[in-house]
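On a predicted model such as this, the values are computed, not experimentally measured, just so you know.
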Amino acid sequence: SAVISQKPSRDICQRGTSLTIQCQVDSQVTMMFWYRQQPGQSLTLIATANQGSEATYESGFVIDKFPISRPNLTFSTLTVSNMSPEDSSIYLCSVALGAVKDEQYFGPGTRLTVT
Amino acid sequence: RKEVEQDPGPFNVPEGATVAFNCTYSNSASQSFFWYRQDCRKEPKLLMSVYSSGNEDGRFTAQLNRASQYISLLIRDSKLSDSATYLCVVLSGGSYIPTFGRGTSLIVHP
């Protein structure tokens, strides 16, 4: 497994502002993912962030709204831009480990409230 | 039809009971299957992988039925600490992108 930390753990932000969430892993990993989980819902994949390449976004998510950085094999950031109340959610990063990289290990999440 | 479907529950069972959850998937090319556990206000954590031959880990047994395209999780001798949401996760062959079910809520009461 891996030890994954996220900063901040929670934040309350005003609409129209942006928040950058950091994800730090204690080992080098190729594949990192960013998810959103809204109350009572399952996880929705925002994008896959592999070091050395542009992030790949899922349908409904765009780079202008959720820019991602992946400067090295242990770190990534997700920015939620020009926030609205609909962006209130838990944002989680994860890494893919295991012999065939099919096991996901998650950070503790960032709880975002937009007022 | 959703790719991965679970009965959201909640399943409300007494301590010591045996409880089973099913999860159906729509993509017949799916290759990897997992159960995750998510406690309230916490991140999901890998509970167990699901192998074709079925696998057991203590009180937990996971099985895969490819013909009917579902996986199951059986919990024996339920404990209060088993109360959580159990997420079914499926990966298609050649893909590293998992698909999560909405989760099944389990409440174990004294």
Side-chain angles (χ1 to χ4, degrees), chain A residues 1-7 9-10 21 23-25 29-51 53 55-61 88-113, chain B residues 1-10 21 23-27 29-52 55 57 62 64 71 73 84-107:
Chain A
S1 63
V3 176
I4 306 169
S5 60
Q6 283 185 235
K7 288 183 183 179
S9 59
R10 60 178 62 229
I21 303 168
C23 179
Q24 181 78 50
V25 189
V29 294
T30 303
M31 304 183 70
M32 293 181 75
F33 304 86
W34 286 98
Y35 290 86
R36 181 170 75 183
Q37 187 175 30
Q38 294 178 314
Q41 303 295 314
S42 190
L43 287 83
T44 300
L45 182 64
I46 297 172
T48 303
N50 294 337
Q51 197 271 335
S53 62
T56 302
Y57 289 83
E58 296 299 303
S59 175
F61 298 96
S88 298
S89 188
I90 299 172
Y91 292 84
L92 298 123
C93 67
S94 74
V95 301
L97 297 175
V100 293
K101 303 289 189 291
D102 57 359
E103 298 174 357
Q104 295 263 318
Y105 292 87
F106 289 86
T110 296
R111 187 176 297 273
L112 171 63
T113 302
Chain B
R1 182 184 174 186
K2 292 182 180 176
E3 289 188 57
V4 178
E5 292 201 62
Q6 295 182 249
D7 180 346
F21 314 132
C23 165
T24 59
Y25 60 94
S26 60
N27 187 345
S30 298
Q31 292 292 328
S32 300
F33 308 89
F34 303 89
W35 284 103
Y36 282 71
R37 169 189 171 132
Q38 186 171 26
D39 292 284
C40 187
R41 304 176 81 86
K42 298 286 188 181
E43 74 275 19
K45 292 185 178 177
L46 179 63
L47 179 65
M48 59 196 306
S49 304
V50 187
Y51 303 128
S52 296
N55 48 304
D57 183 2
L64 167 64
I71 65 172
L73 178 67
T85 297
Y86 291 83
L87 301 167
C88 168
V89 179
V90 175
L91 279 84
S92 298
S95 171
Y96 298 115
I97 308 299
T99 301
F100 283 80
R102 286 189 59 184
T104 296
S105 177
L106 172 65
I107 301 170

For residues S49(B) and E103(A), report the shortest heavy-atom separation together with the two atoms involved. OG-OE2, 4.0 Å

What is the minimum heavy-atom distance between P44(B) and F106(A), and which atoms define it? O-CD1, 3.4 Å

Among P108(A), G109(A), G40(A), residue most engaged with chain B (heavy-atom pairs, under 4.5 Å): P108(A)

Name the region of Q38(B), side chain, backbone, both or neither, that has any atom closer than 4.5 Å to a heavy atom of chain A. side chain

Sort L92(A) into side chain, backbone, both or neither according to what part of it lies under 4.5 angstrom from a heavy atom of chain B. side chain

Hey, what do you get for CD (E43(B)) to CG (L43(A)), rounding to the nearest 0.5 Å? 10.5 Å

In the structure I gave you, are the side-chain heavy atoms of F34(B) and Q104(A) within less than 4.5 Å of one another anywhere? no

Report yes if some heavy atom in the side chain of R41(B) is under 4.5 Å from a heavy atom in the side chain of R111(A); otherwise report no. yes

Would you compute the distance between atom CG of L97(A) and atom CG of L46(B) and round it to the nearest 0.5 angstrom? 10.0 Å

Honestly, the part of F100(B) sitting under 4.5 Å from a heavy atom of chain A is both

